[in-house]
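Notes follow once the structure below has been shown.
We use all heavy atoms of the structure for the numbers below, so side chains are in, but hydrogens, waters and symmetry mates are not.
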Amino acid sequence: MTIVEDWNEISLDTVISLIESGSRPKGGVSITSGEIISLGGENILSSGGINLKSPKLVTTSFFNNMTKGHLQNEDVLINKDGAQTGK
């Protein structure tokens, strides 16, 4: 089934080079817990944008020790957990 009549439907694995998850420190994060923005599902808008009002933060040390989940220009974010899966 095609969502929009003029669009082609393809599997994500044909256009995505890598799917990975980021992480947050044990105990969670807050708007005062660090220096670097940590995007989560709460930041992804249904319209496709990002809400950066009151972002949660991780410390520079935690960020530098992360082995995956560093965003790059033109990355696509997909919410994979909870009630907003797929947003």
Going hydrophobic residue to hydrophobic residue with side-chain gaps under 4.5 angstrom, can you get from [X] over to [Y]?
| X | Y | value |
| --- | --- | --- |
| L39 | I36 | no |
| I10 | V76 | yes |
| I31 | V29 | no |

Pairs in or reaching into residues 10-44: which pass ring pair (Phe, Tyr, Trp, His ring centres under 6.0 Å), with residues at least two apart or in two chains? none
Compile the donor-acceptor pairs under 3.5 Å between side chains in residues 57-70 and protein atoms, sequence neighbours left out, one pair per line.
{"residue": "T59", "atom": "OG1", "partner": "F62", "partner atom": "N", "Å": "3.0"}
{"residue": "T60", "atom": "OG1", "partner": "E35", "partner atom": "OE1", "Å": "2.9"}
{"residue": "N64", "atom": "ND2", "partner": "T60", "partner atom": "O", "Å": "3.3"}
{"residue": "N65", "atom": "ND2", "partner": "S61", "partner atom": "O", "Å": "2.9"}
{"residue": "H70", "atom": "NE2", "partner": "F63", "partner atom": "O", "Å": "3.0"}

Listed once per pair and sorted, the salt bridge (charged side-chain N to carboxylate O under 4.0 Å, His left out) pairs that draw on residues 46-58, sequence neighbours left out: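 Non-adjacent pairs meeting salt bridge (charged side-chain N to carboxylate O under 4.0 Å, His left out): E42-K56.
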To the nearest 0.5 Å, what is the distance between CG (N43) and CG (L77)? 9.0 Å
Take I50 and I44 through the test side-chain contact (heavy atoms from CB on, under 4.5 Å) and record every step on the way to the result. CA-CA 5 Å; I50 296 176; I44 302 173; 5.5 Å; no
